[in-house]
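To start, the structure itself, in structure tokens.
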Amino acid sequence: MTATVHDVAILSDFRYPGGTSASIAAEVRAQARAGLTTVLVHVRSPHLKRDRPFHPLITALIRDGAAYLAADGEEVTAKLLVVRQPRIFTEDLAVRPPVRAGRAVMVLNQAPGDAGDPARYYDFAAVRQRVEGLFGAGIEWAPISPQVRAEVLRAEPEATLAGVDWHEIIDGAEWWRERPARAGAPVIGRHGRPDPVKWPRTREELLQAYPDAPDVKVRVLGGGELAVERLGRMPANWEVIEFGTVEPVDFLHTLDFFVYFHDPDLIEAFGRTIMEAMAAGVPVIVGEHFRPIFGDAALYTTPAGVLPLVRELHADRERYRAVSLHGREFIESRYGYASHLSRLAARGIRPDAPPPPALPAHRPAPPKGVLLVSDNGVGLGHLSRLMAIGRRLPAGTPTVIATQSHGAMVAHREGFLTEYIPSRSVLGLPRQSWTELLRSRLEHLIDLHRPAVVAVDSVPHDGIVAAARSRPEVTWVWVRRPMWRRATGTEWIERRSAFQHVLEPGEFAAAADEGPTVDDRDGVFPVRPITYLDAAELVTAEEARAALDLVPGRPAALLQLGAGNINDISSPAARIARHLRGAGFQVVLAESAIATEPMPAPAGAHVVRVYPISRHLRGFDLVVSASGYNSFHELIAFQIPSVFVPNRETALDDQVSRARFAAAAGAALIVEDPDGDDLDRVLAHAVRADVRDALRRRCAEVAPGNGAADAADWLTALT
């Protein structure tokens, strides 16, 4: 399938709590308003040691559809790649980002060091070597400000930098509010992430900039506790507010003056909070070193000059308003969204055409087609079942897959229009925030694609239930796999009322099912077990062996256990591999199609990464597999001699009962105790040719067929 070419790809660590993420968010919004598409490529920075969630502004962009977050390992193609935060590259990345772009810019939004140490934060030469190794020597290096430019050239005088700074941007309209005259003491304030270097070094200068005086008030959002610690006390006229508890735009409109002074060694890259204050109409008082960025729109003094300047300007309301308006106009003209679109245009990134006019509100497009929604999961089980149904829908049926799985890239390669919904674990969100994001994303996708049916292969999380209730005009279907573990999942069954219908893929081991779905049968539409492929779609044994680079004339075994370190000689996976090699088999490990790091290949084993691996199953004489729903039914349906090693750690799926049933039916073998002698005993039996022939014959007798087409026909009737 032709790759989606985004206008802009932004590569960074989206967990940064301060200006980096705010800057990225502003650029994404500017691009979205102009009709440009943005894909976000997340890489983890080595200097963010503590695990953090995505910045709320970034999460909001993903939630609202302003930007698309690429799944880990997803191949990304863009016209322009913008890389932010050089400190990400102070160490080698664990995985090379699979990004292709016609042009690339490295935005230097932080100086390499400070006045005391020009390489305190990163070694520019080492970062440049890594970045150019990843994205090519033609990448453009763009400082964010004159200060950063000067520090980079101090560290490496021969560095080639862009002629124009890649400055910060802001939408002044989002920050501006009329500022009525306020009586009483003037309020001095500041906001920003907590960091000791963001404050004056000495107690004297700290109290000069943020006075302990009865005729002024001081309000601090973020980092105030550091200043209090430095002072050794809390001044009576100070109010300290925890970072993140108040939105900066709301905080700024409680101030009369924004005052920012910091440690003299700090090289402030730009001063985004200063820009935000000016956009909000708050007069700004800062040090002279900010003049190259803010010109005559800010007020410049030393810490000792703050209080006299505040008193003077507060008493002259006409001049105060003039300073306020001038600051706003300066920011809008120099650092507004238009300036960002101009620099994109200079690099060849322009909207292809103006967006088409919206349809009249009274003539909405009729709903049609199917939206298939899959859960996260550590593998591709939920997603593969939905794709199995989707690929059998009638030609021309609008079909969209929305998945929390990194397998979004797999669905895209299989020809589906795919929407990736990053999971809670990816974004690091608390449960309530994740619920809101999931609900909002599903509502957005329904409004965008206007499906007649939404089919969900997942347990009904709060966000799914909320979306179903907010879009009752859509037919909601729960695709609910059976064979749950006994006494688990009843809380999910109770949420069935959120769906109008339940579609149940069949289960070969249904007679052994003791889970809660057994007693919840009213109104359930059952089909035969669902597999991605039909038997006729498998390639021949010879074709499979050639495709997987297997040695001709030697038996081959496939391991797809889903877990276990095969390089740990004591693990069941390693023991299985040794036993099979000792019996003359060549051993193949099936690596997940969504793995972000390559699986290590032990001596004598061959790793393959193919989707769907089931297409090549006839090339194997034996498969040792976990007994998850998909692999279990594929192996039986396609008559592949199998040994099942159930995963006993699954939350809902009863792999043990499923595997035991297949063994009792004579269709497979089971290893009950992979840590004991049972494993070697069963494998010694499985490698015998007569045993494998008997398993093939029995599978041919009991194979239940594929219910995917029946499920597709049933969903089609609902549209």
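A donor atom on one side chain and an acceptor atom on the other are not found under 3.5 Å apart for R528 and N706. For the residue pair H412 and E75, no side-chain donor N or O sits within less than 3.5 Å of a side-chain acceptor on the partner. In summary, the side chains of Y68 and T4 do not present any donor paired with an acceptor at a separation below 3.5 Å, with no hydrogens or angles considered. In this structure, a donor-acceptor pair under 3.5 Å is absent between the side chains of T397 and T399.
Residues D457 and W478 are not in side-chain contact: their nearest non-hydrogen atoms beyond the backbone lie 4.5 Å or more apart.
Within 6.0 Å of atom CD in E701, more than 12 heavy atoms from other residues, nucleotides or ligands are found, so the atom counts as buried in its surroundings.
Of the options D654, D653, L652, a side chain to side chain contact (heavy atoms under 4.5 Å, CB included) to T488 is made by L652 and by none of the others.
The aromatic ring centres of H616 and F638 sit 6.0 Å or more apart. The distance between the ring centers of F644 and F661 does not fall below 6.0 angstrom.
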(request) Any chance you could lay out the salt bridge (charged side-chain N to carboxylate O under 4.0 Å, His left out) test for R87 and D13, step after step, and finish with the verdict? (result) CA-CA 10 Å; R87 293 182 74 183; D13 188 327; over 6 Å; no
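To the nearest 0.5 angstrom, Y629 atom OH is 10.0 Å from E634 atom CD.
Relative to the six-membered ring of F54, R15 misses at least one condition, a distance below 6.0 Å or an angle of at most 45° to the axis.
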